Protein chains: 2
Amino acid sequence: MTLTLPEKILQAASELFYSQGIRATGVDAIVKAANTTKMSLYKYFPSKDDLVLAFLRKRDEDFRVWFAGQVDAKADTPKTKLLAIFDVIGEWMAIPEFRGCAFINAAAEFPLEGNPVHQVSAEFYEHFRSYIADLAGQYGSKSPETLALQLSLLIEGAIVSEQMKRHSGAAGQAKQAAIILIEGSSSHIPDISLPTNDSRRSDE
Amino acid sequence: MTLTLPEKILQAASELFYSQGIRATGVDAIVKAANTTKMSLYKYFPSKDDLVLAFLRKRDEDFRVWFAGQVDAKADTPKTKLLAIFDVIGEWMAIPEFRGCAFINAAAEFPLEGNPVHQVSAEFYEHFRSYIADLAGQYGSKSPETLALQLSLLIEGAIVSEQMKRHSGAAGQAKQAAIILIEGSSSHIPDISLPTNDSRRSDE
DNA sequence: TTGAGACTATACCGGTCGGTATACTGCAAT
DNA sequence: ATTGCAGTATACCGACCGGTATAGTCTCAA
């Protein structure tokens, strides 16, 4: 409770925007949740749009710092970090407050490309992808950008899938697919003389 | 222009809902676009919610029929159909009116799981996934449900990614990843010296 | 000719939207 | 003691929201 007033307002707004949607959240509801008045809100945020952008920009910053921290805490090599990403995503999805990705949702609510809200959302995923590409590069992927894009597709897909239907195990499936893609992207020579467990020739 | 009035209303509403978002579209705008009056609209659709559900249900039906038709027109074996899915998605994304997936967007606008709009959206992806699982089964995948879920993650991810930033080549990347997953899911014994019926080895 | 149903026209409802005006309280620095 | 600023309280604005009431126009069939 040592938050400044603008921080308190932004926090209340963020929770409402994320849990109910941006358009579905009125300024009055934010004011009530933050236990303040419209006058104060409009002092620090000249318009609701400004508040929305502040929400997304802070979320961008916070989420990426938190995420990288979680990954670092779970793994210490590029390859294991790439895989740990999916574990972190899986844990994030498990919390009851999970309502999907704030940026995907925001982009869906403001579908025009030129809209600032849409643009900030797009930037988040650019940053996220370059984070993955960085790890992929350290790992020694043949094509870090390709691998990063493909992994991010799996991640975004898993988030959306879990948002649609909870507890569908999307993160786990995404991880299994990621393992295959990561292995396939390795510049190491693939060892083909491994256990092709017996000749169980199944039919066409 | 041989549409009945309720069809005309539904069509106008659908275009607005998809292009601008559901919450962002007022009843007055729909009425104006359909060139009719509120009284007529409320005769056929007792509430805006009913209209929204009608929009989603028709889209569900139409899209899946259209999609399967497109895939069938492009390929005639299970494996090539699985790959053709990504080509169809890619072509769909290329049209200028593309604003992502109506169901993902709707689920983002109505985030509560219990909401009928959310539920109809979730059902769409269940149907879509079982369509893929069916193809995967015909193909002879070791685990059709697993492959179907993984491919659907790639597809959903590609749609979201393209929605965020147009012309990012997401569908192509998704297809490349899908090829690897499909090959890996084959119950056939991988034999590098044997030409498979239709595909050359596309990756190292 | 009449009347029923489809559709239009328009005014209206209470409520909420984002945003503003005005006046007030409490407190800290001068 | 006074000023100035952070924040409160509340009433208000025009616009729009989803939805309704009432009355009028058109066509077509009995």
Side-chain angles (χ1 to χ4, degrees), chain A residues 1-57 105-106 108-112 114-118 120, chain B residues 1-57 105-106 108-112 114-118 120:
Chain A
M1 250 306 180
T2 166
L3 295 175
T4 67
L5 184 58
E7 286 169 340
K8 220 165 67 177
I9 293 169
L10 183 53
Q11 179 180 296
S14 299
E15 282 166 14
L16 290 170
F17 285 155
Y18 180 63
S19 66
Q20 312 185 353
I22 294 171
R23 293 201 119 103
T25 301
V27 174
D28 293 291
I30 297 167
V31 162
K32 189 174 290 183
N35 229 324
T36 180
T37 64
K38 276 194 186 184
M39 287 313 299
S40 295
L41 186 151
Y42 278 98
K43 179 177 183 183
Y44 297 106
F45 305 96
S47 74
K48 185 187 175 182
D49 284 341
D50 290 275
L51 187 50
V52 172
L53 290 177
F55 153 59
L56 291 173
R57 285 199 246 264
N105 295 350
E109 285 203 75
F110 300 86
L112 273 66
N115 189 298
V117 170
H118 195 104
V120 171
Chain B
M1 249 305 180
T2 167
L3 294 176
T4 68
L5 183 57
E7 287 170 340
K8 219 165 70 178
I9 293 169
L10 183 53
Q11 179 180 295
S14 299
E15 282 166 15
L16 290 170
F17 285 156
Y18 179 64
S19 66
Q20 311 186 354
I22 294 171
R23 292 201 121 103
T25 301
V27 174
D28 292 292
I30 297 168
V31 162
K32 189 173 291 182
N35 229 325
T36 179
T37 64
K38 277 195 185 185
M39 287 313 299
S40 295
L41 186 152
Y42 278 99
K43 179 178 181 182
Y44 298 106
F45 305 96
S47 74
K48 185 188 176 182
D49 284 342
D50 290 275
L51 186 50
V52 172
L53 290 177
F55 153 58
L56 291 174
R57 286 198 244 265
N105 296 351
E109 285 203 75
F110 300 86
L112 273 66
N115 189 299
V117 170
H118 195 104
V120 171

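None of the values given here were measured: they were computed from a predicted structure. Because only heavy atoms are used, hydrogens play no part in the values below, and waters and symmetry mates are left out as well, while side chains stay in. Labels below follow one simple rule: chain letters A, B, ... track the order of the sequence lines, proteins then strands, and each chain is numbered from 1.
For A:K43, a side-chain nitrogen or oxygen approaches OP1 or OP2 of D:dA6 to under 4.0 Å. Remark: B:T36 is in phosphate contact with C:dT8, judged by side-chain N or O atoms under 4.0 Å from OP1 or OP2. At D:dG19, none of the side-chain N or O atoms of B:K38 fall inside 4.0 Å of OP1 or OP2 (strictly under the cut-off).
Per the geometry, CG belonging to B:D28 stands 9 Å off C1' belonging to D:dG18, to the nearest Å. Atom CD of B:E7 is separated from atom C1' of C:dC7 by 16 Å (rounded to the nearest Å). The distance between atom CD1 of A:I30 and atom C1' of C:dG19, rounded to the nearest whole Å, is 13 Å. Here D:dA9 presents its C1' atom at 14 Å from NZ of A:K32, a figure rounded to the nearest Å. In this structure, B:K8 places its NZ atom 7 Å from P of C:dT8, rounding to the nearest Å. In this structure, the CZ atom of B:R23 is 12 Å from the C1' atom of D:dC17, given to the nearest Å. C:dC27 atom P lies 16 Å from atom CG of A:L5, rounded to whole Å. When rounded to the nearest whole Å, the span between CZ of B:F45 and C1' of D:dT20 equals 18 Å.
Closest to the side chain of B:T37, from the set C:dT8, D:dT10, C:dG19, is C:dT8. The listed nucleotides are D:dG19, C:dT8, C:dA6; the one nearest the side chain of B:Y44 is C:dA6. Comparing atom distances between the A:Y42 side chain and each of D:dT20, C:dT8, C:dG19 picks out C:dG19 as nearest. Side-chain proximity of B:K48 to C:dC7, D:dT8, D:dG19: nearest is D:dG19. The listed nucleotides are D:dG18, C:dC7, D:dT22; the one nearest the side chain of B:M39 is D:dT22.
A heavy-atom distance below 4.5 Å is found between the side chains of B:K38 and B:D28. A heavy-atom distance below 4.5 Å is not found between the side chains of A:F17 and A:N105.
Judged by distance alone, with hydrogens and angles left aside, the side-chain atoms of B:E109 form a donor-acceptor pair with the main-chain N or O of B:R23 at under 3.5 Å.
Within the 4.0 angstrom heavy-atom criterion, only backbone atoms of the sugar-phosphate kind lie near B:T25; the bases stay farther away. As judged by a 4.0 angstrom heavy-atom cut-off over every strand, A:N35 is placed among residues touching the sugar-phosphate backbone only.
Annotation: the span from B:I30 atom CD1 to B:L51 atom CG amounts to 5.0 Å, rounded to 0.5 Å. B:I9 contributes atom CD1, which lies 11.5 Å from atom CD of B:Q11 (distance to the nearest 0.5 angstrom).
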